[in-house]
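The next block holds one structure in the form of structure tokens; read it before the comments.
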Amino acid sequence: MSDYQQRYAASLMNTFGPPKLVLTHGQGAHVWDEDGNEYVDFLGGIAVNALGHAHPALVEAVTSQIGKLGHISNFFTSEPQVELAEKLLGLLGSSPGEGKVFFTNSGTEANEAAFKLTRRTGRTHVVVAEGGFHGRTMGALALTSKEAYRAPFEPLPGDVTFVPYGDADALAAAVTDETAAILLEPIQGEAGVVVPPEGYLASARTIADDHGALLWLDEVQSGMGRTGQWFAHTGVTPDVVTVAKGLGGGFPIGACIALGAAGDLLQPGNHGTTFGGNPVACAAALAVIRTIEDDELLEHVTVLGQKLRDGLAADPRVTEVRGEGLLIGLDLSADASAEVVAAAQKAGFILNNPTPKRIRLAPPLVLTVDDANALLAAWPGILDEAGLQ
Ligand SMILES: *Cc1c(COP(=O)(O)O)cnc(C)c1O
């Protein structure tokens with residue numbers, strides 16, 4: 001254990017377990033540790049570092065904005081804040097006046113804002129999916145099914161019904177005329193990248209409409225280009241979309257975006273934040289979006305994601321590969337995901353294991369073909385080293 005790992009253990013709360021490495025710097029999809037070892041980062045800060053590490057466009061945007069105007073309160077606004085709100089509405093196929101944005105600093109806060117927004121319908125009941133993850137603050141936790149996360153903190157804000165993910169009949173049975181909202185991830189990230197059956201979100205839209213409920217999609221992990229499209233949901237128009245992770249490319253920012261009439265549910269005094277909508281964070285997010293557009297990264301993500309999925313699935317010790325673009329989940333032939341992550345790290349690759357059997361990849365959208373080929377070449381050896389048969 002290094003000096004910093006020991007000092008970490010003495011000074012930081014043990015909420016995450018011991019850190020695996022002490023990282024010093026990064027470039028593109030590569031990071032280096034304190035001993036000078038290099039890794040290809042296939043986790044990307046958990047689907048955050050859209051432009052990889054130290055991308056010049058992000059460095060320039062943040063540096064120049066903080067040199068001009070670093071923070072103002074929400075008694076005022078700034079150009080990047082308004083431009084980013086307009087841009088996000090545009091990416092969702094909406095436009096200013098037809099939707100409204102509330103900026104936050106994180107995914108869980110985006111979901112808190114959305115949760116409060118749903119209460120302004122006058123209803124309190126929310127239907128969410130089992131296996132979903134929506135954050136760790138009390139409201140978002142109330143909407144997250146995982147027992148181990150919830151149990152130590154109960155009672156949580158109530159009136160939440162959990163239904164099996166991907167089962168439109170179960171959803172239809174749970175939603176009533178008292179339901180304020182249906183909340184779903186278009187692809188479940190923390191569950192290990194679970195993709196619902198075709199037509200599930202369209203069914204959710206119909207069920208919500210039948211009962212006058214809002215359809216709220218949590219795109220915190222799946223949104224902002226990760227799937228090769230700006231958002232993982234296509235062909236349906238939600239009432240509320242929450243984003244964060246990839247939005248700022250590593251600068252903390254999230255957003256609760258409400259389309260149509262839902263945009264007017266939160267009124268003066270209903271919600272607030274000191275840092276949300278900070279000009280530097282908004283400038284960072286604008287730089288991320290513009291770079292994805294200018295460098296045509298959505299197309300790149302689609303092609304590279306398919307190549308990775310095909311290559312990883314070619315090994316028979318991989319029993320299933322799921323996902324879209326560069327949000328990839330795979331199942332192993334045995335409960336050895338921790339061993340695979342450890343073997344990968346030794347071989348110079350950062351991977352993630354959301355469950356004992358599942359591996360998740362969420363690399364920077366700027367991952368190169370060479371980076372992908374390097375993992376595919378090392379993959380059988382990593383599975384050997386992990387003891388998989
Ligand atoms: C990570 C995540 C969150 C929580 O975001 P934080 O920024 O960690 O608070 C919420 N929803 C989904 C789908 C996520 O993946």
Side-chain angles (χ1 to χ4, degrees), residues 13 15-17 43-50 102-118 126 128-146 148-150 153 156-157 160 162 165-166 181-196 200-201 204 215-227 230-233 238 240-257 273 275-278 281 284-285 288 322-329 352-355 358 360-363:
M13 288 190 194
T15 51
F16 302 102
L43 181 56
I46 316 187
V48 166
N49 295 298
F102 182 89
F103 286 117
T104 68
N105 314 289
S106 66
T108 203
E109 286 169 275
N111 285 335
E112 291 295 329
F115 195 9
K116 285 181 73 177
L117 178 152
T118 68
V126 183
V128 302
E130 289 165 6
F133 179 79
H134 303 293
R136 301 292 205 132
T137 54
M138 290 301 221
L141 189 56
L143 303 165
T144 295
S145 72
K146 193 167 175 176
Y149 292 172
R150 299 169 56 86
F153 302 102
L156 293 164
V160 180
F162 294 96
Y165 186 63
I182 299 170
L183 164 60
L184 299 168
E185 289 165 87
I187 294 177
Q188 288 189 329
E190 299 299 309
V193 189
V194 178
V195 183
Y200 180 58
L201 295 180
L215 178 61
W216 161 15
L217 300 180
D218 180 343
E219 293 250 20
V220 168
Q221 186 157 162
S222 57
M224 303 318 300
R226 175 134 303 274
T227 60
W230 283 109
F231 299 95
H233 75 270
V240 181
V241 178
T242 43
V243 292
K245 291 197 166 94
L247 176 59
F251 209 94
I253 179 168
C256 168
I257 309 161
T273 168
F275 290 119
N278 168 288
V288 168
R322 297 173 302 271
E324 300 274 348
L326 289 176
L327 184 57
I328 300 174
N352 168 254
N353 52 329
T355 79
R358 290 184 167 168
R360 169 177 50 177
L361 275 59

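Both counts, for ligands and for their atoms, begin at 1 and track the order of listing.
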I'd like the atom pairs linking ligand 1 to the protein - N or O on both sides, separation under 3.5 Å - with distances to 0.1 Å.
from     : atom 1 : to     : atom 2 : distance (Å)
ligand 1 : 7 (O)  : Gly107 : N      : 2.8
ligand 1 : 9 (O)  : Thr108 : N      : 2.8
ligand 1 : 11 (N) : Phe133 : O      : 3.1
ligand 1 : 11 (N) : Asp218 : OD1    : 3.4
ligand 1 : 11 (N) : Asp218 : OD2    : 2.7
ligand 1 : 15 (O) : Gln221 : NE2    : 2.7
ligand 1 : 15 (O) : Lys245 : NZ     : 2.6

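Under the 3.5 Å distance criterion, with hydrogens and angles disregarded, no donor-acceptor pair is assigned to the side chains of Glu130 and Ser145. Side chains of Trp216 and Thr118: a donor-acceptor N/O pair is absent below 3.5 angstrom, by distance only.
With sequence neighbours left out, the side-chain hydrogen bond (donor to acceptor under 3.5 Å, both in side chains) criterion links Ser222 to Glu219. In this structure Arg322 satisfies the side-chain hydrogen bond (donor to acceptor under 3.5 Å, both in side chains) test together with Glu320, Asp331, sequence neighbours excluded. Asn49 meets the side-chain hydrogen bond (donor to acceptor under 3.5 Å, both in side chains) test with no other residue; sequence neighbours excluded.
Side-chain atoms of Thr273 do not come within 3.5 Å of backbone N or O of Thr104 as any donor-acceptor pair.
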